[in-house]
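These notes are about the structure you will find just below.
If you're wondering where the values come from, they're calculated on a predicted model, not measured in any experiment. Letters go in sequence order (proteins before strands), and every chain restarts at 1.
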Amino acid sequence: MTNILPRVRFAPSPTGELHVGNARTALFNWLFAKHYHGSFILRIEDTDQVRTSKVFEANLRQDLAWLGIEWDEGPGKGGPCGPYHQSERLSLYRTHLERLIAAELVYPCYCTDEELETERLSLISRKMMPRYMGKCRNLTAETRRRLEAEGRPAAYRFHVPPGAITFHDLIRGPMRFEGSALGDFIIVRSNGIPAYNFAVVIDDHLMKITHVIRGEDHLSNTALQLLLYRALGFAPPQFAHHALILGWDRSKLSKRHGSTTVREFREQGILPQVLINYLALLGASFGEGKEVCTIDEIIESFSLNRAGKSGAIFDKDKLLWLNSLYIRKESLTTLTGYMQPFIKEAGYAHLEEARLHRILDAVRDNITSLAEIGTYLRIFDDSAYELSAGALQILADDETRKVVLSLLDLLNNTDAEGDELYRTLIPLLPEKTGLRGKKLFMPLRAAITGQTKGPELDRFFSILGKSSLQYRLRKAIAATT
RNA sequence: GGUCCCAUCGUCUAGUGGUUAGGACGCUGGCCUCUCACGCCGGAAGCCGGGGUUCAACUCCCCGUGGGACUACCA
């Protein structure tokens with residue numbers, strides 16, 4: 001590694017929602033930049049005019065921001081190496097294409113889709129790696145003129161020289177590919193739009209990228225890109241290819257495996273720090289068995305050596321476990337912030353903050369995702385009060401109803417309020433009813449909460465208050481007599 | 001089919017020639033005498049197979065086997 005500060009990039013194409021696999025790549029790059037005090041650049045690869053969408057781009061930027069992954073240069077931020085949309089860099093690619101044409105390192109290819117398909121099938125049937133065999137490589141100037149005259153559009157192919165292409169991958173070690181097995185690949189399509197491998201090389205060079213950290217699915221592209229670096233006379237960056245995130249069947253994580261996008265996890269009530277923590281942990285380790293880390297700790301301990309070489313299955317159970325852990329540890333204020341959309345959705349946006357905090361504090365141990373808050377908010381809402389089947393069953397006999405009546409009686413004759421209620425009233429109950437333990441508490445729980453399980457009972461006394469308790473006990477009695 | 005990559009409990013991992021193979025999720029037994037949850041204490045569960053190298057292999061090498069990625073005028 002040199003003494004200059006590293007520059008890394010995340011270069012997604014906005015053709016869909018941000019996938020957790022891509023988010024992890026973005027995270028690795030961002031962590032690398034943070035760890036070494038370098039720069040993290042966001043570049044939008046929007047050369048596929050058909051699949052690219054501005055909506056996806058907006059969502060992508062929103063998702064990255066939600067995760068806390070900020071870019072130093074890129075869309076909306078600017079920077080010395082812009083523009084940061086490939087669609088705005090077309091003239092740059094044109095210039096470099098012309099250099100390659102002049103140097104005779106590329107040539108126009110007039111083959112049609114059908115011709116290419118026929119060749120591909122033929123090679124496969126002969127058990128060979130499908131690749132372009134160079135049909136248009138040595139066309140005479142005359143033939144080219146004729147094909148142009150026919151109106152055949154030309155794509156530009158790079159003439160791949162034979163010989164080994166080697167490089168040292170920062171995660172995988174020495175890599176070696178054979179040029180003669182590759183086949184001439186297209187660098188500029190017949191519509192004039194550059195192909196991925198060409199645009200990437202020019203952009204990474206022009207943007208002074210020092211380390212290309214990306215998924216293993218790009219490993220074989222690296223050979224092609226290295227060829228282009230050499231042809232263009234550019235010094236290549238360092239490469240690091242991390243393993244992919246897998247679904248339960250060990251294939252690359254995709255839609256058929258269920259939720260896979262950052263957006264979906266946010267909507268399911270996963271905290272951003274949790275997703276970051278989990279993604280950083282997946283297929284890696286923080287050392288000393290530490291699994292729960294703050295962003296700063298993750299940045300501090302980040303290292304490419306730490307990244308595993310084999311794919312890791314996305315374990316939703318562990319993600320949920322981590323989420324519940326954060327929900328229990330997070331401060332009430334920030335938790336409320338993230339909880340807001342879910343509170344609104346449950347119809348409790350109007351709830352005063354103090355009450356909300358008390359409820360949250362009472363139920364956070366029971367919650368795994370933010371989306372579950374609605375059902376717990378309802379338990380504390382008198383207008384949503386109703387007895388579950390289990391509660392009704394408990395309240396079905398006279399002995400348990402006696403407990404409820406006794407408490408109601410005490411409630412009607414006490415001066416105690418709020419937090420005092422539980423402490424002063426409950427101790428009187430065993431004597432009054434002759435019951436204790438489960439026989440005493442379950443009827444109370446059933447009558448007060450309408451449920452057979454839930455948070456500690458004393459919480460209900462202090463949060464609900466006297467009148468609400470009286471209301472609930474009366475309703476419970478009415479419903480069971 | 002071809003090229004390339006990978007291989008420790010079900011899952012995520014620690015381990016770099018000598019360890020009772022450690023941790024976490026999940027599963028499971030118990031405790032915490034209202035429930036659920038939380039928490040605490042236990043348990044079951046692993047080095048893909050075969051050859052080498054070595055006094056000694058989970059660890060190094062080779063061959064199998066298994067899994068994965070790529071194989072487009074998508075990125």
Side-chain angles (χ1 to χ4, degrees), chain A residues 11-16 22 45-48 50-52 86 109 111-113 116-117 120 123-132 153-157 169 171-173 175-178 181-183 185-197 199-200 215-223 241 243-244 246 248-252 278 281-292 306 308-322 324-325 328 363-368 390 394 436-446 449 451-457:
Chain A
S13 57
T15 56
N22 283 127
E45 309 218 324
D46 53 355
T47 55
D48 184 338
V50 182
R51 296 195 304 150
T52 288
Q86 286 190 328
C109 170
C111 292
T112 62
D113 289 344
L116 294 172
E117 184 60 13
R120 222 168 61 81
L123 283 165
I124 290 172
S125 71
R126 278 182 286 158
K127 299 180 192 295
M128 289 167 77
M129 178 169 166
R131 69 200 141 107
Y132 186 69
Y156 280 90
R157 283 187 187 272
D169 190 281
I171 293 176
R172 282 151 202 286
M175 291 296 128
R176 181 196 169 88
F177 292 86
E178 202 51 54
L182 260 23
F185 58 97
I186 287 183
I187 62 165
V188 174
R189 292 177 265 186
S190 55
N191 63 5
I193 304 290
Y196 167 73
N197 283 309
V200 171
E216 187 184 28
D217 46 346
H218 285 292
L219 205 49
S220 46
N221 279 329
T222 308
H241 292 89
L244 303 175
L246 274 26
W248 65 76
D249 59 355
R250 296 216 145 264
S251 66
K252 190 159 122 179
Y278 181 70
L281 182 65
L282 187 63
S285 64
F286 298 138
E288 290 164 26
K290 198 162 161 56
E291 297 198 311
V292 185
R306 232 201 48 218
K309 293 180 186 174
S310 51
I313 292 176
F314 192 88
D315 184 356
K316 183 126 190 238
D317 279 338
K318 192 147 186 176
L319 176 70
L320 252 20
W321 165 76
L322 207 54
S324 65
L325 202 67
R328 295 197 299 271
V363 306
R364 69 203 302 194
D365 279 358
N366 294 64
I367 291 177
T368 296
I394 285 169
R436 56 199 166 81
K438 197 167 182 166
K439 284 214 175 281
L440 178 68
F441 286 98
M442 274 316 274
L444 295 183
R445 170 174 296 284
T449 72
Q451 308 289 322
T452 53
K453 54 185 185 178
E456 307 287 338
L457 213 44

Which protein N or O atoms sit under 3.5 Å from an N or O of nucleotides 26-29 of chain B?
none

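- For A:Arg328, a side-chain nitrogen or oxygen approaches OP1 or OP2 of B:G39 to under 4.0 Å.
- Listed by chain and residue number, A:Leu246, A:Arg250 satisfy the side-chain contact (heavy atoms from CB on, under 4.5 Å) test with A:Ile313 (two or more places apart in sequence, or in another chain).
- The A:Ser285 side chain lies nearest to B:U13 when the options are B:U13, B:C38, B:C34.
- Nucleotides B:G29 and B:A37, compared at atom P, are 12 Å apart to the nearest Å.
- Without hydrogens or angle criteria, A:Asp365 side chain to A:Arg328 main chain gives no donor-acceptor distance under 3.5 Å.
- Residues that satisfy the side-chain hydrogen bond (donor to acceptor under 3.5 Å, both in side chains) test with A:Glu178, not counting sequence neighbours, are absent from this structure.
- The side-chain contact (heavy atoms from CB on, under 4.5 Å) check on A:Ala446 picks up A:Ala391, A:Ile394, A:Leu395, with sequence neighbours excluded.
- Distance noted for atom P between B:U20 and B:A57: 16 Å (whole Å).
- OP1 or OP2 of B:A75 has at least one side-chain nitrogen or oxygen of A:Arg189 nearer than 4.0 Å.
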Quick test: give all pairs of protein nitrogen or oxygen and nucleotides 40-43 of chain B nitrogen or oxygen below 3.5 Å, distance rounded to 0.1 Å.
none

Are there any protein N/O atoms within less than 3.5 Å of an N/O atom in nucleotides 3-5 of chain B, and if so, which ones and at what distance?
| residue | atom | partner | partner atom | Å |
| --- | --- | --- | --- | --- |
| B:C5 | O2' | A:Arg172 | NH1 | 2.3 |
| B:C5 | O2' | A:Glu216 | OE2 | 3.2 |

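- With sequence neighbours left out, the ring-ring contact (aromatic ring centres under 6.0 Å, His included) criterion links A:Phe177 to no other residue.
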Expected rows: protein N/O vs nucleotides 63-65 of chain B N/O, under 3.5 Å:
none

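- Under the rule for a salt bridge (charged side-chain N to carboxylate O under 4.0 Å, His left out), A:Arg445 has no partner lying at least two apart in sequence or in another chain.
- A:Lys252 has a side-chain polar atom (N or O) that falls below the 4.0 Å cut-off from OP1 or OP2 of B:C70.
- Closest to the A:Glu456 side chain, of the nucleotides B:C38, B:A75, B:C36, is B:C36.
- Legend: residues meeting side-chain contact (heavy atoms from CB on, under 4.5 Å) with A:Arg189, ordered by chain and number and at least two apart, are A:Thr47, A:Ile186, A:Asn191, A:Ile193.
- Within the 4.0 angstrom heavy-atom criterion, no nucleotide atom of any strand lies near A:Ile124.
- Every residue meeting the side-chain contact (heavy atoms from CB on, under 4.5 Å) condition with A:Leu123, not counting sequence neighbours, appears here in chain and number order: A:Glu119, A:Arg126, A:Met128, A:Met133.
- Between B:G15 and B:G23, the distance separating the two C1' atoms is 11 Å to the nearest Å.
- By the side-chain hydrogen bond (donor to acceptor under 3.5 Å, both in side chains) test, A:Asp48 pairs with A:Arg51, sequence neighbours left out.
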